[in-house]
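For reference, the structure discussed in these notes is given below.
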Amino acid sequence: MTEAVNLYLAQLIISIPLLFVLFFGIGFILNMILKTTWLPLIIFFGVAFYVGKDVNQIFTVVNAVLFFSGLAGAIGGIWTIKTLRQKGYRMF
């Protein structure tokens with residue numbers, strides 16, 4: 001039993017930075033190419049809604065942690081691009 005819990009805990013620990021980096025990178029690239037600031041956040045909520053409808057309305061702490069790590073990555077990408085644009089860097 002404890003081996004299964006350790007496996008799930010390891011998956012959670014790896015999933016948090018993975019989702020953050022994934023959505024940060026997607027948001028950053030979309031902002032550079034399309035020059036739309038809030039599109040990555042809209043896409044994130046679209047993906048979260050699409051994936052969330054298959055979970056059968058079970059909202060656990062693990063799901064919340066994974067959702068907020070992805071949300072933080074999307075917002076981090078938006079914030080980074082806005083800061084770089086304010087400082088005069090041009091992206092494509």
Side-chain angles (χ1 to χ4, degrees):
M1 179 75 174
T2 60
E3 293 174 5
V5 172
N6 289 338
L7 180 64
Y8 293 138
L9 184 62
Q11 289 174 349
L12 178 66
I13 291 171
I14 291 170
S15 296
I16 291 170
L18 185 66
L19 282 172
F20 180 84
V21 170
L22 176 76
F23 282 103
F24 182 91
I26 290 171
F28 193 86
I29 290 170
L30 281 175
N31 273 321
M32 280 195 311
I33 294 172
L34 301 176
K35 294 188 179 189
T36 59
T37 304
W38 297 103
L39 181 66
L41 195 59
I42 294 168
I43 290 174
F44 171 76
F45 282 119
V47 169
F49 177 74
Y50 180 74
V51 171
K53 71 178 183 179
D54 294 334
V55 179
N56 295 328
Q57 305 299 327
I58 298 173
F59 190 73
T60 62
V61 174
V62 173
N63 291 342
V65 168
L66 294 178
F67 173 79
F68 285 116
S69 66
L71 180 64
I75 292 173
I78 292 169
W79 178 79
T80 302
I81 286 288
K82 286 180 81 171
T83 303
L84 289 172
R85 285 183 186 149
Q86 289 173 352
K87 293 189 181 226
Y89 291 96
R90 296 174 49 127
M91 317 300 166
F92 299 120

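Computation of the quantities below employed the complete heavy-atom set of this structure, encompassing side-chain atoms and omitting hydrogens, waters and symmetry-equivalent molecules.
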query = Given the rule in the side-chain contact (heavy atoms from CB on, under 4.5 Å) test, do Thr37 and Ile81 qualify, once you have shown the distances and angles that lead to the verdict?
reply = CA-CA 8 Å; Thr37 304; Ile81 286 288; 5.9 Å; no

task = Could you go through the side-chain contact (heavy atoms from CB on, under 4.5 Å) check for Ile43 and Leu30 one step at a time?
result = CA-CA 10 Å; Ile43 290 174; Leu30 281 175; 3.5 Å; yes

inquiry  = Could you see if Phe49 belongs to whatever hydrophobic cluster contains Leu22? Use Ile, Leu, Val, Met, Phe, Trp, Tyr and a side-chain cutoff under 4.5 Å.
reply    = no

inquiry  = I'd like to know if Ile78 and Phe45 are part of one continuous hydrophobic network [Ile/Leu/Val/Met/Phe/Trp/Tyr, side-chain heavy atoms within less than 4.5 Å].
reply    = yes

task = Step by step, work out the side-chain contact (heavy atoms from CB on, under 4.5 Å) result for Tyr8 and Val62.
result = CA-CA 10 Å; Tyr8 293 138; Val62 173; over 6 Å; no

Contact summary for Lys35 and Arg85, nearest pair of heavy atoms = CA-NH2, 3.5 Å

message = Would you say that Asn31 contacts Leu39 through its side chain, given a criterion of any heavy-atom pair below 4.5 Å between the two side chains?
response = no

task = Give a yes or no on whether Ile42 and Ile29 share a hydrophobic cluster (residues Ile, Leu, Val, Met, Phe, Trp, Tyr; joining criterion: side-chain heavy atoms under 4.5 Å apart).
result = no

task = Using the six-membered ring wherever Trp is involved, compare the ring planes of Phe67 and Phe44 and label them parallel, tilted or perpendicular (cut-offs 30° and 60°).
result = tilted

key: Aromatic contact, Phe68 with Phe20 (centres under 6.0 Å)   = no

inquiry  = Taking Phe23 as the starting point, is it possible to reach Trp79 by hopping between hydrophobic residues whose side chains are less than 4.5 Å apart?
reply    = no

key: Inter-residue atom distance Ile75.CD1 - Thr80.OG1, 0.5 Å rounding   = 11.5 Å

query = How far does CG of Leu19 sit from CZ of Phe24, to the nearest 0.5 angstrom?
reply = 14.5 Å

ask   = Same hydrophobic cluster for Val65 and Val47, using side-chain heavy-atom links shorter than 4.5 Å among ILVMFWY?
value = yes

